[in-house]
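Have a look at the structure below, then the notes.
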Amino acid sequence: MKKNNVVLIGFMGTGKSTVGKQLALKLGWEFIDTDQEIEHREKMSIPEIFSKNGENYFRKVETEIIQKVMSNEKQVIATGGGSVLRLENRSKMLSHGTVIQLEADTENIIKRVEGEKQRPLLQGNLREKVYEMKDQRKYVYDFADFVIDTNVMKVDSIAEQIYNLMILHKK
Ligand code: S3P
């Protein structure tokens, strides 16, 4: 049986953390942000980890955190956009929770992440990078149990939709 967790996946800027916090409140579950867990463990910000240790190192820590976090229950887990690139993470998410993909159009993503400095993979030509990465990752989120459109970002109603899904499927 699947464990009682909701795992939010999706490209950067699809609202995983914002929606996740709200959903956790509704469910009375703990909210976990894997990026924050990584920063806490490494005692460095995500950009610092990337620049000092590189992306491969970041992915290794990210995998360790996901594997650890997923063994607990009653959590809403907001994951990093690239965490699903590793098969072992996708498997763990599916076996230990209900996986929800948050989706948004490329132009909306660009608007949401514009001017933010904490995403190392989007530094430089933001528009080019988002288009390129969105294309590269076109199918990687497709393993989710459910997909939610966040183009109209009404945090409350998105959290409500997921809450209803969880109730329908008896959490
Ligand atoms: C990444 C997404 C980020 C963070 C890191 C790498 C990615 O998380 O984990 O910068 O590869 O998509 P968000 O999706 O929360 O921005």
Side-chain angles (χ1 to χ4, degrees), residues 5-24 30-70 75-94 97-144 146-151 153 155 158-159 162:
N5 288 308
V6 180
V7 187
L8 300 177
I9 63 162
F11 198 82
M12 294 172 262
T14 49
K16 297 170 300 246
S17 302
T18 326
V19 169
K21 274 182 208 150
Q22 191 73 22
L23 177 63
E30 194 180 349
F31 172 70
I32 306 275
D33 183 316
T34 59
D35 280 343
Q36 271 179 16
E37 298 291 314
I38 295 167
E39 291 183 325
H40 188 244
R41 199 187 102 169
E42 294 298 300
K43 298 186 179 59
M44 270 189 271
S45 69
I46 303 276
E48 279 171 337
I49 301 170
F50 269 75
S51 75
K52 289 199 176 137
N53 302 320
E55 181 172 352
N56 281 346
Y57 178 82
F58 172 81
R59 297 292 172 211
K60 184 177 126 326
V61 179
E62 182 175 54
T63 300
E64 284 166 17
I65 295 286
I66 285 171
Q67 302 291 321
K68 178 173 152 263
V69 157
M70 293 302 313
Q75 312 165 99
V76 176
I77 303 157
T79 61
S83 60
V84 298
L85 296 171
R86 289 200 175 182
L87 173 64
E88 61 197 301
N89 292 342
R90 299 198 295 274
S91 306
K92 193 77 172 188
M93 291 174 192
L94 277 177
T98 302
V99 181
I100 315 254
Q101 181 197 348
L102 301 188
E103 172 47 2
D105 294 344
T106 310
E107 285 299 324
N108 281 331
I109 288 178
I110 292 170
K111 276 187 215 136
R112 288 179 197 165
V113 302
E114 229 160 24
E116 291 184 359
K117 294 271 174 274
Q118 78 273 25
R119 292 184 175 95
L121 297 177
L122 298 182
Q123 298 315 300
N125 188 328
L126 175 70
R127 171 166 294 273
E128 233 170 58
K129 294 209 166 151
V130 174
Y131 268 95
E132 189 185 303
M133 286 181 68
K134 253 253 174 179
D135 189 52
Q136 282 166 357
R137 294 181 177 179
K138 203 162 29 184
Y139 304 115
V140 298
Y141 304 105
D142 288 355
F143 72 100
F146 301 100
V147 183
I148 305 273
D149 183 337
T150 72
N151 280 304
M153 182 49 106
V155 179
I158 295 170
I162 304 173

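Counting starts at 1 for both ligands and their atoms, following the listed order. Computed from a predicted structure; not experimentally measured. The first residue of the sequence shown is numbered 1, and numbering continues consecutively from there.
Distance check: D33 CG to I38 CD1 gives 8.5 Å after rounding to the nearest 0.5 Å.
With respect to atom 12 (O) of ligand 1, the closest heavy atom belonging to the protein is R137 NH1, 2.6 Å. The protein heavy atom nearest to atom 15 (O) of ligand 1 is D35 OD2, 3.3 Å. Considering only non-hydrogen protein atoms, atom 14 (O) of ligand 1 sits nearest to K16 NZ, 2.6 Å. Regarding atom 7 (C) of ligand 1, its nearest protein heavy-atom neighbour is G82 N, 3.3 Å. In terms of protein heavy-atom proximity, atom 16 (O) of ligand 1 is closest to R119 NE, 2.6 Å.
Within the 4.0 Å heavy-atom criterion, the part of L121 lying near ligand 1 is the side chain and not the backbone. The proximity of R59 to ligand 1, defined as any non-hydrogen pair under 4.0 Å, is limited to the side chain.
Taking the side chain as every heavy atom from C-beta outward, I158 and I148 approach each other to under 4.5 Å.
Listed here is the closest heavy atom pair of S45 and E48: N-OE1, 2.9 Å.
Atoms of ligand 1 lying under 4.0 Å from any heavy atom of G81, numbered from 1 in the order shown and given with element: 2 (C), 7 (C), 8 (O), 12 (O), 13 (P), 14 (O). Using a 4.0 Å cut-off to heavy atoms of P120, the atoms of ligand 1 that qualify are 10 (O). Here is the list of ligand 1 atoms found below 4.0 Å of a heavy atom in G80: 8 (O), 9 (O), 14 (O).
Between F50 and F58, the angle of the ring planes lies from 30° to 60°, which puts this pair in the tilted group.
Between K68 and E64 there is no salt bridge, since none of the side-chain N atoms of the basic residue sits less than 4.0 Å from a carboxylate O of the acidic one. A salt bridge is absent between K16 and E103; no separation between the charged side-chain nitrogens and carboxylate oxygens falls under 4.0 Å.
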- What do the steps show when you test Q67 against N89 for side chain to side chain donor-acceptor pair (under 3.5 Å), and what is the final call? CA-CA 7 Å; Q67 302 291 321; N89 292 342; 3.2 Å; yes
